[in-house]
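Throughout, a chain's letter reflects where its sequence line sits, starting with A, and its residues are numbered from 1.
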Amino acid sequence: MYALVDCNNFYASCERVFNPKMEGKPVVVLSNNDGCVIARSNEAKEMGVPMGAPAFEYEKMFEQNNVQVFSSNYALYGDLSDRVMKVLSRFTPNIEMYSIDEAFLDLSNFPYHDLEKYCANIRRTVIQETGIPVSIGAAATKTLAKVANRYAKKRKREIGVHILNLQEEINHALTATDIEDVWGVGGQYAKLLKGTGIRTAFEFTLLQEEWVRKNIHVTGLKTLLELRGVPCYSLEQVPPAKQGICTSRSFGTLVTDYTTLQESVATFASRCSEKLRKQHSVAAMLQVFVHTNPFREQDPQYFNSKSVILSTPTNVSYDMAKAAITGLKMIYRKGYNYKKTGVMVTGITPEQSVQLSMFEHPKFAKNKSVMQSVDRINKIMGRDKVRLTAMGFDRTWKLRQEKKSPCYTTRWSDLLTIQV
DNA sequence: TCTGGGGTCCTAGGACCC
DNA sequence: TCTGGGGTCCTAGGACCC
């Protein structure tokens with residue numbers, strides 16, 4: 001049996017932990033740049049705020065209904081996520097941290113008649129020790145555990161736990177699940193399936209395997225089998241090494257000049273290098289992209305990207321920033337309002353197994369110790385305390401974040417004070 | 001009239017997830 | 001005026017190899 005533990009309305013719940021006045025009130029959290037709604041409390045959902053809603057369209061509605069609005073605070077969410085995962089790890093050694101707010105637990109070794117109690121205990125402990133409410137669904141496959149979790153969240157809100165074990169119960173839950181709510185079925189396939197008369201997860205399980213294989217490919221077939229109780233996905237306790245790493249941002253204001261774009265691109269390249277060093281790997285290729293704002297239809301639009309091959313795979317900030325700037329120079333065009341740039345690195349391999357370039361003088365040891373020192377200083381003194389000049393110092397392109405809550409758990413100056 | 005067979009690697013595009 | 005960011009997998013097609 002797999003259990004899926006999913007934090008309820010995670011970002012919204014995080015905002016409430018240190019601000020209990022918001023209990024029972026509508027809360028929404030916005031994406032970077034305060035752009036879209038990416039998390040909603042139940043109250044906000046019930047008021048009809050859709051996922052992904054542009055914040056500016058709902059500004060009045062938020063005001064009229066006293067909705068608490070927050071910019072996203074990833075330092076806070078990341079830290080609370082770690083705490084939740086730590087609590088879960090006490091209940092089983094076999095855990096897969098699937099996303100910032102979800103974990104699969106392998107409960108195969110637990111006697112089946114205790115499962116409901118055991119899950120209820122997990123749920124109680126998490127909320128008591130972290131303040132984050134969770135829902136738990138358990139079943140024989142991951143996809144069915146997802147179904148069970150959704151069922152627990154929607155129909156058993158008070159209990160918050162649902163176990164799918166008997167075929168009768170499974171069929172009932174599958175019938176109550178719309179096809180577009182199945183894990184692995186997105187908008188496009190849901191449309192296709194509805195076109196052929198399939199509306200629920202249960203109806204989907206009755207389809208022929210060949211048809212699914214042909215029209216929704218092997219991923220669809222795996223979903224079908226998982227819903228029938230045949231496990232196709234196992235627990236991934238050790239996250240596989242990343243194949244690509246990307247850092248990109250939309251700008252708070254539109255950018256037209258080359259220098260500012262270059263500063264942003266150098267910053268993102270440096271950030272990618274940090275991420276690579278953190279996982280002890282190097283990248284062989286770097287891609288830089290720029291684009292204008294597609295929502296401003298009156299503006300001339302420009303999307304472009306350029307790949308740069310790194311002669312020797314690297315994770316050294318200045319090498320990568322240099323490559324990114326080389327690429328940017330090739331695609332920069334005057335006369336556009338740029339909205340977003342980004343840097344992506346691929347061809348990722350372990351640091352220890354780098355193939356040296358035939359024509360380059362090996363200066364690995366030196367670069368490595370410089371980077372290690374920079375990382376160490378920045379860890380103690382704060383991000384970008386030591387930085388590349390190319391990154392600039394003004395950050396005129398920075399994010400808009402007007403409603404960010406304090407970093408209650410990761411910054412001394414933001415520590416909550418209580419007056420008695 | 002006829003034109004081999006069996007591969008790999010890379011990229012782009014489309015689907016999906018949170 | 002204002003519309004996020006970071007990933008995965010699969011397939012098809014082209015270029016290449018012997």
Side-chain angles (χ1 to χ4, degrees), chain A residues 4-7 9-11 28-39 49-60 62 69-74 77-78 81 96-104 142-143 146 149-150 179-193 212-223 226 232-233 236 239-254 268 271-272 275 279 284-285 287 289 291-299 303 305 307 309 337 339-348 399-403:
Chain A
L4 174 65
V5 183
D6 189 322
C7 301
N9 318 324
F10 183 55
Y11 295 171
V28 300
V29 177
L30 306 181
S31 63
N32 272 339
N33 259 326
D34 295 344
C36 299
V37 173
I38 53 168
V49 182
M51 187 68 171
F56 72 92
E57 284 179 10
Y58 282 80
E59 223 160 90
K60 263 213 184 97
F62 291 157
V69 182
F70 291 91
S71 305
S72 30
N73 181 348
Y74 290 105
Y77 312 150
S81 172
E96 172 186 341
M97 293 163 201
Y98 176 67
S99 74
I100 192 163
D101 73 329
E102 284 172 68
F104 286 103
K142 284 179 158 182
T143 309
K146 277 269 186 184
N149 187 289
R150 204 188 140 72
I179 186 63
E180 67 262 33
D181 295 326
V182 171
W183 191 45
V185 179
Q188 294 307 308
Y189 290 143
K191 214 164 97 188
L192 174 79
L193 288 164
V212 174
R213 174 72 179 84
K214 185 157 168 262
N215 292 281
I216 322 183
H217 314 296
V218 296
T219 40
L221 184 57
K222 284 182 181 174
T223 301
E226 285 243 323
C232 300
Y233 299 110
E236 285 187 8
K242 286 196 186 4
Q243 297 171 22
I245 289 175
C246 178
T247 308
S248 74
R249 291 288 178 280
S250 297
F251 304 137
T253 51
L254 293 174
F268 301 150
R271 210 65 81 215
C272 285
K275 292 178 187 174
Q279 58 166 49
M285 189 152 69
Q287 197 178 352
F289 65 87
H291 66 78
T292 49
N293 186 348
F295 291 105
R296 284 171 65 100
E297 284 165 18
Q298 70 278 20
D299 280 12
F303 287 64
S305 71
S307 293
I309 291 168
N337 290 322
K339 177 65 176 169
K340 184 171 181 175
T341 63
V343 170
M344 209 181 316
V345 297
T346 50
I348 294 176
L399 293 175
R400 212 177 43 227
Q401 271 192 326
E402 286 166 0
K403 296 151 184 158

Just to be sure I understand the rule, does Lys339(A) reach a base, reach only the sugar-phosphate, or reach nothing, if contact means heavy atoms closer than 4.0 Å? sugar-phosphate
Run the ring-ring contact (aromatic ring centres under 6.0 Å, His included) test against Phe56(A) and tell me which residues pass, sequence neighbours left out. none
Across the strands shown, which category fits Gly52(A) at heavy-atom distances under 4.0 angstrom: base, sugar-phosphate, nothing? nothing
With sequence neighbours excluded, residues passing ring-ring contact (aromatic ring centres under 6.0 Å, His included) with Tyr77(A): Tyr11(A), Tyr74(A)
Can you name the residues that form a ring-ring contact (aromatic ring centres under 6.0 Å, His included) with Phe104(A), not counting sequence neighbours? Tyr98(A), Trp183(A)
DNA chain C: 5'-proximal contact among Phe295(A) and Thr247(A) (nearest heavy atom): Phe295(A)
Could you list the residues that satisfy side-chain contact (heavy atoms from CB on, under 4.5 Å) with Arg213(A), not counting sequence neighbours? Val218(A), Leu221(A)
Which nucleotide of DNA chain B is the first, and which the last, in the 5' to 3' direction, to come under 4.0 Å of a heavy atom belonging to chain A? dA15(B) to dC18(B)
Regarding Glu102(A), tell me which of base, sugar-phosphate or nothing describes its non-hydrogen contacts under 4.0 Å with the strands shown. sugar-phosphate
Across the strands shown, which category fits Asn33(A) at heavy-atom distances under 4.0 angstrom: base, sugar-phosphate, nothing? nothing
Which heavy atom of Asn149(A) sits nearest a heavy atom of Leu4(A), and at what distance? ND2-O, 2.8 Å
Could you check whether Asn293(A) gets within reach of a base, just the sugar-phosphate, or nothing at all, counting any heavy atom under 4.0 Å? sugar-phosphate
Which residues pass the side-chain contact (heavy atoms from CB on, under 4.5 Å) test with Ala190(A), sequence neighbours left out? Glu180(A), Val185(A)
Note on DNA chain B: ranges paired as stems (three or more Watson-Crick/G-U pairs in a row, both atom distances under 3.5 Å) are B:5-18 with C:5-18
Please list, one pair per line, the donor and acceptor atoms closer than 3.5 Å that link side chains of residues 242-251 of chain A to other protein atoms, with sequence neighbours excluded.
from, atom 1, to, atom 2, distance (Å)
Thr247(A), OG1, Lys275(A), NZ, 3.1

Of Val218(A) and Gly244(A), whose nearest nucleotide on DNA chain C comes first from the 5' end? Gly244(A)
Contact class for Ser72(A) vs. all strands (heavy atom < 4.0 Å): base, sugar-phosphate, or nothing? nothing
By side-chain contact (heavy atoms from CB on, under 4.5 Å), which residues pair with Pro239(A), not counting sequence neighbours? none
Have a look at Val29(A) and say if it touches a base, only the backbone sugar-phosphate, or nothing, with a 4.0 Å heavy-atom cut-off. nothing
Side-chain ion pair, Glu102(A) and Lys146(A), N-O less than 4.0 Å: yes
Looking across every strand, which nucleic acid part, if any, lies under 4.0 Å from Gly342(A) by heavy atom: base, sugar-phosphate, or nothing? nothing
Looking for any heavy atom pair under 4.0 Å, which part of the strands does Ile245(A) touch: base, sugar-phosphate only, or nothing? sugar-phosphate
